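Written out below as structure tokens is the structure these notes cover.
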Amino acid sequence: MSEISKAYEPQSVEDKWYQFWLDGKFFVADAKSPKPAYSIVIPPPNVTGVLTLGHVLNNTIQDILARKARMDGKEVLWLPGTDHAGIATQTVVERALKKSGEIKHRDDLGREKFLERVWEWKEKHGGIIIQQLKKLGASCDWTRERFTMDPEYSRCVQRVFVDLYKKGLIYRGKRMVNWCPASLTALSDEEVVMKEQKGFLYYFKVEVVGSAAAPAASADASSTEIPKVEREARSTAPEVGALPEEKIFLTIATTRPETIPGDTAVAVNPKDPRYAHLIGKHVLRPLPVELPREQKLIPIIGDDHVDFEFGTGVLKVTPAHDKADFEIGQRHKLPVIEVIAANGQMNDAAGADLRGLDRFKARKVAVEKLTELGALEKEEPYTNNVGYSERADVPIEPRLSEQWFLKYPSVEKARACVAQPSASDKTVAVVYATGNELSGKSIRELRKAALAYARQHHFIGIPFKNENSGILIRVGRQSLSHAFSNLGVANIRAVAVLPELIRTAIWLSSAPHEPANPQVKQVHRFVAALSITGELHRVLITAKEYWDGTVLYDHKTKKITFGGKSLEAHLPKEKLDTQPAPNAGIRLSELLENVNCGDEMKFHPDRWAKVYDHWMGGLQDWCVSRQLWWGHRIPVWRNGLEWTGEKRNKTFALLKKLKESNLDGVSWKLPKTGETKIIAAGTAMKQPDGSSKILEADMPIELIGVEISIAPGNENLVAEVEALGLTQDPDVLDTWFSSWLWPFATMGWPEQTDTLKKFYPTTDLVTGPDIIFFWVARMIMAGYEFMGDLPFQNVYFTGIIRDKQGRKMSKSLGNSPDPLDLIAKFGADALRFGVMRAAPLGQDILFDEQNVELGRNFCNKLWNACRFRQIQGGESQGEIDPKFLTSDDKWILLKLDQAIREMNSAFTGYKFSDATATLYRFFWSEYCDWYVEASKAILSSSSRGNEAQTEKTEIDQSLLTSAATNDNARKANTLAVIDFVLSHTLRLFHPFIPFISEELWHGMGYSADMPPNQGGKTIMFASWPKPFDDEFKNFYGLSERDEKFAEARNELVAQGRNLRREANIPANKKVKFIFKPANEIGANDLEVLKLLLNAEAIEVNPNFQPAKKVLAVRHPLGELFLPLEGLIDAEAEKARLKKEIEKYESEISKVEQKLANPNFAQKVPAQVLEEHRQRLIEWQNKLAHTQAALAGLQS
RNA sequence: GCGCGGUUAGCUCAGUGGUAGAGCAUUUGCUUCACACGCAAGGGGUCGCAGGUUCAAACCCUGCACCGCGCACCA
């Protein structure tokens, strides 16, 4: 740090380092690198979008992963880019052009001109979000930036279209689709969001007549039945009734009266006793009013779809404007009358009253008309769910139209590859084996014994039931031989307890066999826990289910070792050797740590896998065409003429020739029959020797061609084709039809590029759960279909950013802060740290600017901690001399070790908020608050030598275990420890706060100590800190005892500080303490005590007998007294002590009760028992001391 | 209707069976020579409710309530 300012100023630092990283090409991924690969593809933001907090969250996580991977020595590719975002972009541009008054509608410009304007817009605004990502610190390989409408990318999209067409998965059909009347395009089901809408349910009556042929006569005929209906109906359904004129009326409830002119039937449930007899009769549709009576007659039909609970149990059927009605219409061959035009206005068929009106206006008018006719019985408020266009935010209109559809490919594989959440985190029962069941000196003997044992106990061929899944697993002879071939003593010994293992195993997954074996129905995987001779083993069981039954196929064991408390908690060592405690078990997650259970992709959090699976189970064909201009135009040319016998022959002749000419990627289709043939691939297109003659203008042909439009050298072909009267389909493809190819289309597919070889499948994908169907699921399917492999190994779903009140961020609410403002105000690092700290895995994030402020404060703390080190001067000493290490030094090193371990485990579980919490706690609470403060005892003693000398004379020399020898050496050693800790800490920080960590890395001179490719140039490539091994700890003498001691002394400090406060001593006033040590205490520790207590002096007096007015704390390290010179509030102190006594008494009684329980001592693990006993003693001591203090105060 | 998540301090949230935690807010004291974007010491919780399992439950099981989300249906 050349200049040391008092506060960290990010603005002056961030741009400098970003440019430095770019100049150094540190983000560039080398596909030929020997290093292991790590890759992420960015979820491409909309090209004209601006950065939101959602992007900040998402991209910060990706950056953290990428930077961590680089420090782990991986070759990292973070591939950036943008999405053309069809509707969104087109809407934005169109709106802008309208606003500027240039156009009223995009037709005013025409397709070509309009697209030019969109491209202009894209050039102008497209880079904005990329620049913003750079501001955030994103370490993307910008040399590989992609756009979903890059020429090469477009080629991929067309190739995929043709490929799927050839496979028969893409087809054209006239169907009910979701139509957006604002954007004038079809939408996929996923682009429709259901919204609650308040409206009315209108009840109107229609007259029932006998039949269309002879309405009057039929009405008479039916009149004989009327009384019966009436009687029944009056009590249950007053909607049916006969008027005095003997007319019968049906009452229909609807929310959409404006569609009445489009009704072509009235439906009732055939099982509905009220109406069943009316089926086959007709009703008079009230609208349009001007139609002659016979044109108003529509039949009453019976259909199971009708819910007789709802409304009146009578449904009006509008096949043209409702999905369910359309299906009813299909079933009953009803005519379809379209009454709403594409733009949402009523058309001529809607009648004179409604024609030209907007659909909502028309609803009001229709109600008025019904009222005038006397048909409206009532209207009641009603709330229903209405589908809205996600983009345009207007209600969609179900509409019959011709669209392109895709049957999803590779569904089964894609569905099976995602690991389903294991049956929560169950406790797996541990199966115990003593090891005596099977004996043998060699593996060979063991195998023999195992086989004999299995025969003797009748395992072979016998099915055992797995209790957790109910699946029967049979142990075949082959099964055993598999177990034996997996060698390992434990693996073979497991045979003795196979029935028990099978019984208790936890089911993990069931999936199709891979590679596919037709004999195998599916493969089940289980895990069980086995303890043999005191060692815990994980047993993975794989069972192939054949069509005729299940056979245990294989099991494999692996020894599990635990460092942490979990093993202790669940499986105390002494229990492992002998009989198990009842309910002894181990957490499934612990058992499965670092295990790939055969599933290849993991979702984090895994509950999304369930959502994914559910969606994959109910796939509907994907409507991929959009009536837009901005996007990938569908590569289909046709002339639209009718198919006739004569032309049929001509076409066959043409196709024959086309086939001979081997057009690559071109297929043709006979419009009538729908039959598809493929024309073989080839290169003949590159020599268009008169093939244009083949095509003639009047041929009914549909050409589906990728090479037609994109093959280099074939640019003219489109013109040639079009010259023959064939025109390209005007529609474009759904944006997601290009996004779903993102993981490989960005890497050079279909060529087998080095990049693909090195970086596909990608390692992690980070995205929001809101696009799990739009994007993630489709990418998985595309990955399998076109790469034969899944696109990523892990998917991390972020939460959704909300405001403080939990509302979604939105422009209209004005609650979405601009991340760039936040960066300007607090710095990018602060924003990153603040957001990560508030973003736990799987939870939505309630964003508050305070988070960012906290991040800023934290960066400042880091800055100043380094500044403190700089002020101490002295070059980095490098080596730490173990002989000078104080208890504080050892303590902070152990804390650092713990922090590294915590960071690693946080990364393993993608728990970034845990990681930031660790960083915060370690650096602020442990390093700054305690270590740095304690280190001042040494650092300032040598700079103020004289003063220190006089202080030391007050210390009883006999109690000093190690007298200070060399102040300068001690100071240097302390600085070395500080440098060690800081240089490690900065590396732990780097993925989270890259700018400041880089600045300090250089400023502190740590880069100078490193080889160029390992941190010498940039902290980006400094190696990620490793936890300390035993050798390291032994060398520096780091032990739990040191840690405990330092902690005890800090506790004493806290208690001493508390005394000060109790005595109302201002923080800045130095006072004298008296210490009566229980054991020897080091000189340095005493000095630290003095410093941290802000004591004038500490008088060490082993024989001190407290006089009356003294405050005291008693602590395992000794007693600390504060003589009271001034006034204290004795009453307040007494009250505090009494409160403390109460607390101690309550704790003591709690522990005593537990210990008094005979079951407790008997059943509880020894360690826990001991803990309780110790705790009791501690509380009792504290109680005694506090009582003594109270007594002293009272006397 | 089906499914998922949540309910712990005033707020936002950690906490996988053994002594209830963090940050913010709050109270008090401190321009202590890295940092007032700071330091120190406090106060504050029947862990949504009710059962059950256990020697022991915020944690496991069952039911309920409330909040949020998703899917399906909705004339």
Side-chain angles (χ1 to χ4, degrees), chain A residues 4 6-8 194 201 252-256 267 305-307 310-318 322 324-325 382-386 424-427 566 569-570 582-583 587 589-590 605 607-608 610-611 614-615 618 769-770 772 800 804 806 826 830 837-838 840 842-846 848 850-851 853-854 856-872 913-914 917 920-921 925 928-929 932-933 936 940 1054 1057-1058 1060-1062 1064-1070 1091-1092 1094 1136 1147 1150-1151 1154 1157-1165 1167-1169 1171-1172 1175 1178-1179:
Chain A
I4 306 175
K6 203 170 171 183
Y8 173 56
M194 299 309 268
L201 195 55
I252 302 172
T254 181
T255 54
R256 301 202 63 186
H305 171 78
V306 181
D307 175 5
F310 190 92
T312 61
V314 185
L315 170 70
K316 72 185 208 49
V317 183
T318 326
D322 184 281
D325 288 6
Y382 181 69
T383 302
N384 65 342
N385 289 326
V386 176
S424 75
D425 194 5
K426 284 188 171 162
T427 302
S566 37
H570 298 300
N583 302 317
R587 292 269 160 204
S589 55
E590 289 169 318
R607 65 185 148 86
W608 291 110
K610 227 174 155 174
V611 177
H614 182 248
W615 190 75
D770 45 339
I772 185 169
I800 292 168
K804 262 193 282 189
F826 298 108
R837 203 166 176 281
Q843 299 282 339
D844 285 356
I845 296 105
L846 300 195
D848 186 338
Q850 274 187 348
N851 294 328
E853 202 173 322
L854 177 114
R856 189 262 322 252
N857 295 352
F858 188 75
C859 290
N860 190 54
K861 188 75 178 177
L862 177 61
W863 179 261
N864 272 290
C866 289
R867 193 167 149 241
F868 171 76
R869 165 65 187 89
Q870 290 300 78
I871 287 169
Q872 301 308 314
S913 59
D914 286 12
Y920 195 97
R921 187 209 65 231
S925 308
C928 288
D929 287 352
V932 171
E933 291 309 316
K936 289 175 183 173
S940 52
R1057 283 166 170 173
N1058 186 249
R1060 292 181 61 112
R1061 169 157 161 116
E1062 292 309 321
N1064 282 327
I1065 297 167
N1068 58 343
K1069 192 181 173 197
K1070 291 191 185 259
L1091 186 72
L1092 297 188
N1094 195 21
R1136 184 187 69 92
E1147 292 297 338
K1150 267 196 243 170
V1151 183
K1154 274 190 172 182
N1157 188 331
N1159 280 326
F1160 184 74
Q1162 220 170 19
K1163 295 188 177 173
V1164 90
Q1167 197 192 337
V1168 176
L1169 183 63
E1171 264 172 29
H1172 279 74
R1175 200 189 308 157
E1178 271 172 39
W1179 289 126

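All values reported here derive from a predicted model rather than from experimental measurement.
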N/O-N/O pairs, protein side and nucleotides 4-14 of chain B side, under 3.5 Å:
unit_1	atom_1	unit_2	atom_2	d
B:C4	OP1	A:Lys610	NZ	3.2

Please list, chain by chain and in numerical order, all residues satisfying salt bridge (Lys or Arg N to Asp or Glu O under 4.0 Å) with A:Arg921, sequence neighbours excluded. A:Glu902, A:Glu926
Please give the nucleotide sitting opposite B:U16 as a Watson-Crick or G-U wobble pair, both distances under 3.5 Å, or none. none
I'd like to check the salt bridge (Lys or Arg N to Asp or Glu O under 4.0 Å) partners of A:Arg1175; sequence neighbours left out, ordered by chain and number. none
Between B:C74, B:G18, B:G23, which nucleotide gets closest to the side-chain atoms of A:His305? B:C74
Between A:Asn1157 and B:A56, does any side-chain N or O lie under 4.0 Å from OP1 or OP2? no
Run the side-chain hydrogen bond (donor to acceptor under 3.5 Å, both in side chains) test against A:Lys1070 and tell me which residues pass, sequence neighbours left out. A:Asn1094
Under a 3.5 Å cut-off for both contacts, is B:G68 paired Watson-Crick or G-U wobble with anything, and if yes, with which nucleotide? B:C4
Please list, chain by chain and in numerical order, all residues satisfying side-chain hydrogen bond (donor to acceptor under 3.5 Å, both in side chains) with A:Lys861, sequence neighbours excluded. none
Tell me which nucleotide among B:A34, B:C55, B:G23 gets nearest to the side chain of A:Arg867. B:A34
Just name whichever nucleotide pairs with B:A41, Watson-Crick or G-U, keeping both distances under 3.5 Å, else none. B:U27
Those residues that, when tested against A:Phe858, pass ring pair (Phe, Tyr, Trp, His ring centres under 6.0 Å) (two or more places apart): A:Phe833, A:Tyr920, A:Phe989
Pairing check on B:G63: which nucleotide meets the Watson-Crick or G-U wobble criteria with it, both distances under 3.5 Å? B:C49
N/O to N/O distances under 3.5 Å, protein versus nucleotides 30-32 of chain B:
unit_1	atom_1	unit_2	atom_2	d
B:U31	OP1	A:Asn1068	ND2	3.2

Partner residues of A:Glu933 under the side-chain hydrogen bond (donor to acceptor under 3.5 Å, both in side chains) criterion, sequence neighbours left out: A:Lys936
Sequence-distant partners of A:Arg837, salt bridge (Lys or Arg N to Asp or Glu O under 4.0 Å), two or more places apart: none
